[in-house]
Amino acid sequence: MELPLSIEELIHELDEPNLNGWKLFAQTSDVKVYRKIDDESKGIQYKCYSHIPDVTPDIFYKVALDVDYRLVWDKYLKEGKIINDGEKEGVYWEMIMPLFIDNRDYTFTQKHDEYDIGNRHFYYVRTHCEPFTNVPPRKKVVRIENCQSQTLLCSDGAKGLRSIFIYYEDPRGSIPKALWTWAAKFGVPIYAKLTHNACLSYPNWIKDKQTKLPDVTENDIDSAAILTTNDNDNTQEK
């Protein structure tokens with residue numbers, strides 16, 4: 001699958017998922033994540049399908065684009081800010097990694113738009129890693145240089161949303177199997193709950209920036225998360 005997909009291709013993926021060659025990586029009651037690894041490049045692709053019945057797509061869209069709010073709800077985001085090198089504007093993120101693995105950081109551009117196609121209204125976000133001359137790599141932090149994502153959202157016809165999120169990353173080295181295990185068993189479910197809480201709390205946070213959001217820990221995760229990683233997918237981090 002070559003990224004980026006067109007809006008029409010994304011709509012088709014949302015309505016009729018093509019999972020040929022993809023493996024189920026993790027799932028919750030609202031989210032299913034599939035993964036595919038390129039044997040040659042070791043690049044990793046994910047497809048994430050969501051149906052969230054109590055969050056509208058416009059709220060999810062606003063939460064996805066609000067960098068300041070992300071610092072409030074995303075406990076894995078150590079630093080996030082808008083950046084500009086005089087030629088382009090983008091976003092800087094430093095993500096906290098578990099299991100004593102070096103943090104990862106990203107500099108990326110972000111495009112977003114809304115479309116009316118057929119009788120549906122769609123919200124679209126695309127990110128693409130690009131270098132920014134005034135944001136050089138940091139010591140003891142791995143700079144991810146090759147990644148991109150696309151997100152498409154629409155109403156579920158009631159009070160919720162349906163979405164597809166497609167992501168590609170070159171992780172710059174093999175990742176320990178223990179991290180894949182943690183991500184499938186805990187990481188994806190925790191992140192799904194954090195995102196859900198963030199969406200539900202966003203209207204109140206806009207009115208009162210002191211609004212407290214509930215934390216989510218491994219103790220809050222039940223057996224709904226399914227691990228499907230293969231022993232041969234990865235070995236040890238380099």
Engineer: Quick one: do W73 and T195 satisfy side chain to side chain contact (heavy atoms under 4.5 Å, CB included)? Show the steps, please.
Structural biologist: CA-CA 8 Å; W73 68 262; T195 305; 3.6 Å; yes
Engineer: Is there a side chain to side chain contact (heavy atoms under 4.5 Å, CB included) between Y191 and H196? Walk through the geometry before answering.
Structural biologist: CA-CA 8 Å; Y191 212 79; H196 186 234; over 6 Å; no
Engineer: Assess the side chains of D74 and Y69: does a donor N or O sit below 3.5 Å from an acceptor N or O?
Structural biologist: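 Looking only at side-chain atoms, Y69 and D74 do not form any donor-acceptor pair under 3.5 Å.
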Engineer: Taking all atoms of both residues into account, what is the closest heavy-atom pair of G160 and P57, and its distance?
Structural biologist: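 Heavy-atom minimum between the residues: O-CD, 3.6 Å.
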Engineer: A side-chain contact here means heavy atoms from C-beta on lying under 4.5 Å apart; do N20 and W22 qualify?
Structural biologist: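 Sidechains of W22 and N20: no contact.
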Engineer: If you define the side chain from C-beta out and look only at heavy atoms, does anything of Q110 sit under 4.5 Å from L65?
Structural biologist: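 Yes - at least one pair of side-chain heavy atoms lies under 4.5 Å apart.
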Engineer: Check whether S201 reaches the backbone of A198 with its side chain - one donor and one acceptor, N or O, closer than 3.5 Å.
Structural biologist: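 Flag not set: sc S201 to bb A198 has no pair under 3.5 Å.
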Engineer: Decide ring pair (Phe, Tyr, Trp, His ring centres under 6.0 Å) for F25 and Y34; before the verdict, give the C-alpha distance in whole Å, the side-chain angles of both, and the deciding distance to 0.1 Å.
Structural biologist: CA-CA 5 Å; F25 179 64; Y34 297 85; over 10 Å; no
Engineer: Is K88 positioned over the aromatic face of F132, cation under 6.0 angstrom from the ring centre and no more than 45 degrees off axis?
Structural biologist: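 Positive - K88 is close enough to the ring of F132 and near enough to its axis.
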Engineer: Is the terminal nitrogen or CZ of K185 (NZ for Lys, CZ for Arg) located under 6.0 angstrom from the six-membered ring centre of W182 and within 45° of that ring's axis?
Structural biologist: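 No cation-pi geometry.
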Engineer: Just by distance, do the side chain of N103 and the backbone of M97 share a donor-acceptor pair under 3.5 Å?
Structural biologist: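 Yes, the answer is positive, given that a donor and an acceptor are paired below the 3.5 Å cut-off.
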Engineer: Donor-acceptor pair, distance only, cut-off 3.5 Å: does the side chain of D105 make one with the backbone of V141?
Structural biologist: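 Flag not set: sc D105 to bb V141 has no pair under 3.5 Å.
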Engineer: Any heavy-atom pair between the side chains of S155 and T56 that's under 4.5 Å?
Structural biologist: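 No, their side chains stay 4.5 Å or more apart.
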Engineer: Between the main-chain N or O of N219 and the side-chain N or O of T217, is there a donor-acceptor pair closer than 3.5 Å?
Structural biologist: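 It does hold such a pair.
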Engineer: Cation-pi between R104 and W93: NZ/CZ under 6.0 Å from ring centre and within 45° of the ring axis?
Structural biologist: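 Ring-cation test returns no.
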Engineer: Starting at CD1 of I144, measure out to SG of C129 and round the result to the nearest 0.5 Å.
Structural biologist: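 Reported value, rounded in 0.5 Å steps: 7.5 Å.
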Engineer: Under a 4.0 Å threshold between the charged nitrogen and the carboxylate oxygen, would D15 count as salt-bridged to R120?
Structural biologist: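 Answer for the salt bridge query: yes.
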Engineer: Do you know the tightest heavy-atom contact between I96 and K75?
Structural biologist: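 Residues I96 and K75, closest heavy atoms: CD1-O, 3.7 Å.
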Engineer: Quick check: do V31 and V33 have side-chain heavy atoms less than 4.5 Å from each other?
Structural biologist: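 Sidechains of V33 and V31: in contact.
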Engineer: Are E13 and K47 ion-paired here, with the side-chain N under 4.0 Å from a carboxylate O?
Structural biologist: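 Judged by the 4.0 Å cut-off on N to carboxylate O distance, E13 and K47 do form a salt bridge.
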Engineer: So how far is it from D220 CG to L194 CG, rounded to the nearest 0.5 Å?
Structural biologist: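 That separation rounds to 9.5 Å.
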Engineer: So, do D208 and N204 sit near enough that their side-chain heavy atoms are less than 4.5 Å apart?
Structural biologist: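 Sidechains of N204 and D208: no contact.
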Engineer: Between C154 and L161, is there a side-chain heavy-atom distance shorter than 4.5 Å?
Structural biologist: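 No. Closest side-chain heavy atoms not under 4.5 Å.
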Engineer: Please round to the nearest 0.5 Å and tell me the distance separating atom CG of L153 and atom CZ of F60.
Structural biologist: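 It is 6.0 Å, given to the nearest 0.5 Å.
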Engineer: Looking only at heavy atoms, what is the nearest atom pair of P189 and A183, with distance?
Structural biologist: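 Of all heavy-atom pairs spanning P189 and A183, the closest is CD-O, 4.2 Å.
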Engineer: Indicate whether the side chain of T28 and that of D30 have a donor and an acceptor atom separated by less than 3.5 Å.
Structural biologist: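 Absent: no donor and acceptor within the cut-off.
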Engineer: Is the closest basic N to carboxylate O distance between K159 and D54 below 4.0 Å?
Structural biologist: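 Salt bridge: no.
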Engineer: Closer than 4.0 angstrom, basic N to acidic O: yes or no for E145 and R143?
Structural biologist: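 Here E145 does not pair with R143 in a salt bridge, since their nearest N and O are not under 4.0 Å apart.
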Engineer: Check V67 against G80 and note the closest heavy-atom contact, atom names and distance.
Structural biologist: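 Heavy-atom minimum between the residues: CG1-C, 3.7 Å.
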Engineer: Can you get from F108 to V135 by hopping between Ile, Leu, Val, Met, Phe, Trp and Tyr side chains that sit under 4.5 Å apart?
Structural biologist: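 Different hydrophobic clusters.
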Engineer: Using the ring of each side chain (for Trp, its six-membered ring), is F165 parallel, tilted or perpendicular to Y167, with breaks at 30° and 60°?
Structural biologist: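 Answer is parallel, since the angle falls under 30°.
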Engineer: Going hydrophobic residue to hydrophobic residue with side-chain gaps under 4.5 angstrom, can you get from I83 over to V125?
Structural biologist: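 Looking at the clustering, V125 is in a separate group from I83.
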Engineer: Evaluate the side-chain proximity of T151 to Y124: yes if any heavy-atom separation is below 4.5 Å, no if none is.
Structural biologist: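 The answer is no, as the side chains (C-beta and beyond) never meet within the 4.5 Å cut-off.
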Engineer: Just by distance, with hydrogens left out, do T109 and E130 show a side-chain donor and acceptor under 3.5 Å apart?
Structural biologist: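 The criterion, which ignores hydrogens and geometry beyond distance, is satisfied for E130 and T109.
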Engineer: So which atom in D102 and which in V142 form the shortest heavy-atom distance, rounded to 0.1 Å?
Structural biologist: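 So the two residues come closest at CB-CG2, 4.1 Å.
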Engineer: If we only count heavy atoms from C-beta on, is the L10 to F122 side-chain gap below 4.5 Å?
Structural biologist: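 No, side chains not in contact.
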Engineer: Can Q148 and R126 be counted as having a side-chain donor-acceptor contact under 3.5 angstrom?
Structural biologist: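 Q148 vs R126: donor-acceptor pair found between side chains.
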Engineer: Rounded to the nearest 0.5 Å, what's the gap from CG on D156 to OG on S163? Could you check?
Structural biologist: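 Rounded to the nearest 0.5 Å, the CG-OG separation comes to 11.0 Å.
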Engineer: With under 30° as parallel and over 60° as perpendicular, where do the rings of Y61 and Y123 fit, or are they tilted in between?
Structural biologist: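 The rings of Y61 and Y123 sit tilted, inter-plane angle from 30° to 60°.
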Engineer: Of all the heavy-atom pairs spanning L213 and V72, show the shortest one and how long it is.
Structural biologist: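 The answer is CD1-CG1, 4.2 Å.
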Engineer: Just do the side chain to side chain contact (heavy atoms under 4.5 Å, CB included) check on Y106 and M95 with the steps written out, would you?
Structural biologist: CA-CA 8 Å; Y106 306 76; M95 303 302 297; 3.7 Å; yes
Engineer: Between H51 and Y49, is the ring pair (Phe, Tyr, Trp, His ring centres under 6.0 Å) condition met? List the steps.
Structural biologist: CA-CA 7 Å; H51 175 218; Y49 298 91; over 10 Å; no
Engineer: Rounded to the nearest 0.5 Å, what separation is found between the CD1 atom of I164 and the CD atom of E9?
Structural biologist: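 CD of E9 is found 11.0 Å from CD1 of I164.
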Engineer: Could you walk me through whether E94 and K81 pass salt bridge (charged side-chain N to carboxylate O under 4.0 Å, His left out), step by step?
Structural biologist: CA-CA 10 Å; E94 181 182 343; K81 60 184 178 182; over 6 Å; no
Engineer: Between N18 and H12, does a side chain to side chain contact (heavy atoms under 4.5 Å, CB included) hold up when you go through it step by step?
Structural biologist: CA-CA 9 Å; N18 177 9; H12 191 267; over 6 Å; no
Engineer: Would you find more than 12 non-hydrogen atoms of other residues, nucleotides or ligands less than 6.0 Å from K212 atom NZ?
Structural biologist: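 No, NZ of K212 has 12 or fewer neighbouring heavy atoms, counting only those of other groups under 6.0 Å.
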Engineer: State the NZ-CG distance between K193 and N197, to the nearest 0.5 angstrom.
Structural biologist: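 Nearest 0.5 Å value for the NZ-CG distance: 8.0 Å.
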Engineer: Any donor-acceptor pair under 3.5 Å linking the side chain of R162 with the backbone of L14?
Structural biologist: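 Yes, the answer is positive, given that a donor and an acceptor are paired below the 3.5 Å cut-off.
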